[in-house]
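All values reported here derive from a predicted model rather than from experimental measurement.
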Amino acid sequence: MNFRKELNEEQYAAVTAPDGPALVVAAAGTGKTRTLIYRLAYLVTEKKIQPWEVLLLTFTNKAAKEMLSRAEALVHQRFNSGYSGTFHSFANRLLRSHADSIGFGRDFTILDSDDAKKLMRACIDELDVEKKHFPKPDVLLSLFGVVSGRMGDLSSAVDERFELSEVDPDLVLKAHARYQNRKKESNSMDFDDLLIYAPKLLAENEKIRTFYQDEFKYVLVDEYQDTNAIQAALVEHLVQAHGNLMVVGDDFQSIYSWRGADFRNFLDFESAYPGAKTFKLQTNYRSTPEILDVANEVIAGNPDQFQKELQAVRENGDKPNVAKMRDGSVQARYVIEKARELNRKGIPLSEICVLYRAHFHAMELQMELARAQMQYVVTSGVRFFEQAHIKDVCAVLRLLVNPSDELAFTRLIEMLPRVGKKGSHKIFHKLGDRINLQREETHEQLLAALPAVAREGWEQIKLVFLAYRADNLQNDPGELIFRFNKAFYTEYMVENFDNHKFRQEDLDGLIDFTVKFDSTETFLSEIALLSNLDNEGSKAPSEEESQDALRLSTIHQSKGLEWKAVFVLFLNEDMFPSKKAIEEAGDSEERRLFYVAVTRAKDQLFLCSPMVRRQRDGGIIFLDSSRFLAEIPDEFLVEDRGFF
């Protein structure tokens with residue numbers, strides 16, 4: 001195999017790296033996957049290593065399968081011995097052979113997410129916890145998983161997570177201890193336990209550790225910038241004896257700190273592995289030079305990183321457009337018109353993607369797309385108005401407009417502790433035609449029908465209903481959502497959603513969005529264009545619709561993907577970059593997010609920056625353009641002045 005012919009100079013240097021630790025800093029679109037595949041082939045054909053002596057660790061089974069199958073096609077030998085794959089699959093294979101060394105049977109059961117939630121619920125019930133102020137099982141499991149991945153202190157993490165709620169941190173720690181004991185007693189592990197016990201096994205058993213260090217003479221890790229502390233520890237145990245570790249990734253694309261990833265594993269690799277050789281892949285095959293100029297300019301503002309600059313292979317193209325328009329509604333119409341124009345020029349809608357920092361940034365766009373009857377697919381989840389927290393707060397508005405809306409009533413009442421589906425419908429029918437929640441008498445009847453533990457919650461909610469006419473709020477849906485959120489739903493989110501901060505951002509955005517409507521009825525009618533509020537979840541588009549539909553995605557979910565044309569919405573201070581993110585951690589990760597967004601584009605890039613946004617109180621605030629736009633030299637951009 002002629003590696004020099006198949007690879008560029010940067011890739012060739014990495015592929016043929018000598019033994020020992022190696023760091024491959026692979027910028028966006030530079031052939032990271034190709035480099036890993038050819039490294040696998042090089043080890044077999046040139047170093048004469050047996051395929052099963054190489055361990056490849058990835059974050060998805062799909063990535064592992066693709067890389068291994070392509071490497072097998074190159075060397076005509078089978079690579080996967082069953083160990084290569086995701087960190088979790090490797091840990092499972094390891095523990096299946098040695099779980100008895102850490103107090104489990106080798107036939108241990110892996111709890112899926114549903115089983116883990118049921119077991120956690122049982123532990124909570126055994127503690128006889130007062131459920132009106134206690135987190136749901138999936139919230140606790142998410143918290144425990146992030147803390148274990150970071151190898152952090154659970155007690156301090158619990159204190160921080162629930163500092164703004166009435167949750168008792170000591171009870172959370174007791175629930176965790178009981179959950180751990182119950183798993184041990186039943187010889188079972190959850191998904192997070194696989195990564196907890198695998199490095200523990202290697203750390204505490206020299207014989208086993210030595211065996212696997214001999215077994216895997218070379219270890220390769222993909223997307224190393226996304227590893228957490230416990231994954232890095234697992235890798236270190238595997239390579240201590242020989243040091244033949246190659247990690248590949250891009251610190252510029254480290255955007256998952258909120259779920260435990262620590263890009264310091266990548267930045268500090270050279271100090272963690274003395275003598276490590278570093279290789280940089282900077283030749284970009286994806287984007288035009290003009291798009292890369294923008295990416296390079298903004299990411300250079302992050303001092304704490306491996307400085308590198310993308311070099312384009314492709315010929316010159318169009319300069320990225322920057323469009324400064326009046327507001328979000330004009331921004332939405334701009335995207336639709338430009339997308340249609342690109343489509344007429346031959347770019348399929350499926351090759352056009354609209355990216356945004358937060359879900360609520362896409363509200364106006366989804367509304368306008370519905371009006372324009374343009375097919376779109378939200379690739380990063382459900383459509384905005386079909387998200388659970390949005391439907392929850394809208395249930396209050398629906399009941400105020402239509403007291404006979406049984407589905408809205410049951411949705412709202414089921415948020416209270418110990419009120420299930422059967423109970424909620426039973427209460428609704430018990431109230432019958434008397435169900436007018438704007439009357440105090442109805443609330444008295446409802447409170448009498450509720451379980452005692454649920455009454456405090458309804459006492460908070462009822463204030464919103466009684467204020468509807470008393471405070472003349474019929475024409476102010478935003479104020480109604482604000483009051484419901486303040487009285488009840490903020491606390492509910494903390495206890496029921498692991499990503500409550502992101503959901504709160506959505507609600508804040510929704511409240512401001514409602515000022516466009518002159519009444520609650522008008523608002524509800526408009527959002528009905530986008531979703532059927534009576535059904536859970538997003539309606540999956542048909543295969544035919546998906547093939548030619550505009551793509552919408554959060555930037556976080558777009559990583560690793562690419563499109564011919566990309567729009568980036570709301571490039572404004574406090575929106576992108578996010579005000580909350582900057583307050584908590586500075587703008588470094590926000591800058592990396594912008595870099596990821598820009599480098600998804602192959603041919604066309606449109607950067608949108610509205611100038612005003614209406615607020616709940618009816619006032620207008622003027623928006624400053626994002627600092628990221630301000631840092632791009634004027635000559636790198638074309639200003640589109642056609643939309644104001």
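The side-chain hydrogen bond (donor to acceptor under 3.5 Å, both in side chains) test applied to Asn265 returns Thr227, not counting sequence neighbours. For Ser578, the side-chain hydrogen bond (donor to acceptor under 3.5 Å, both in side chains) criterion is met by Glu505, not counting sequence neighbours.
Judged by distance alone, with hydrogens and angles left aside, the side-chain atoms of Asp190 form a donor-acceptor pair with the main-chain N or O of Asp193 at under 3.5 Å. In this structure, the side chain of Ser626 engages the main chain of Phe576 through a donor-acceptor pair within 3.5 Å. With hydrogens and angles disregarded, a donor-acceptor distance shorter than 3.5 Å links the side chain of Thr60 to the backbone of Ala63. Of the possible donor and acceptor atoms, none in the side chain of Gln504 sits under 3.5 Å from a partner among the backbone N and O of Asn499. In this structure a side-chain-to-backbone donor-acceptor pair under 3.5 Å is present from Arg286 to Thr599. Here the side chain of Gln305 pairs a donor or acceptor atom with the backbone of Ile299 at under 3.5 angstrom. When atom types are taken as modelled, the side chain of Gln180 and the backbone of Ala177 share no donor-acceptor pair closer than 3.5 angstrom.
A cation-pi contact, defined as under 6.0 Å to the ring centre and within 45° of the axis, links Arg592 to Phe263. Judged by a 6.0 Å distance limit and a 45° cone about the ring axis, Arg591 is not positioned over the six-membered ring of Phe252.
Between Glu584 and Lys501 there is a salt bridge, with a side-chain nitrogen of the basic residue lying less than 4.0 Å from a carboxylate oxygen of the acidic one. Ionic pairing of Glu562 and Arg600 is not present here: no N-O contact between side-chain nitrogen and carboxylate oxygen is shorter than 4.0 angstrom. A salt bridge does not link Arg96 to Asp107: none of the charged side-chain nitrogens sits closer than 4.0 Å to a carboxylate oxygen.
What you find for Leu310 and Ala27 is that their closest heavy atoms are CD2-CB, 3.2 Å. Residue Gly103 comes nearest to Lys184 through the heavy atom pair O-CE, 3.7 Å, listed as atom of the first residue, atom of the second, then distance. Closest of all the heavy-atom pairs between Ser287 and Leu292 is CB-CD2, 3.7 Å.
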- Query: Between Tyr218 and Asp19, does a side-chain hydrogen bond (donor to acceptor under 3.5 Å, both in side chains) hold up when you go through it step by step?
  - Reply: CA-CA 9 Å; Tyr218 291 84; Asp19 287 358; 2.6 Å; yes

- Task: Report the C-alpha distance between Asp226 and Lys559 in whole Å, list the side-chain angles of each, state the deciding distance to 0.1 Å, and finish with yes or no for salt bridge (Lys or Arg N to Asp or Glu O under 4.0 Å).
- Result: CA-CA 12 Å; Asp226 292 334; Lys559 186 169 169 288; 3.3 Å; yes

- Item | Worked check of salt bridge (Lys or Arg N to Asp or Glu O under 4.0 Å) between Asp262 and Arg150 | CA-CA 8 Å; Asp262 187 354; Arg150 290 174 173 162; over 6 Å; no

- Could you check Phe59 against Phe87 for ring-ring contact (aromatic ring centres under 6.0 Å, His included), going step by step and ending with a plain yes or no? CA-CA 7 Å; Phe59 278 87; Phe87 282 91; 5.5 Å; yes

- Task: Evaluate the side-chain hydrogen bond (donor to acceptor under 3.5 Å, both in side chains) criterion for residues Glu6 and Tyr38: first the C-alpha distance (whole Å), next the side-chain angles of each, then the deciding distance (0.1 Å), finally the verdict.
- Result: CA-CA 9 Å; Glu6 297 288 329; Tyr38 275 84; 3.1 Å; yes

- Task: Please lay out, stage by stage, how Thr283 and Gln311 fare under the test side-chain hydrogen bond (donor to acceptor under 3.5 Å, both in side chains).
- Result: CA-CA 5 Å; Thr283 304; Gln311 304 293 329; over 6 Å; no

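Two rings, from His98 and Tyr212, have their centers less than 6.0 Å apart.
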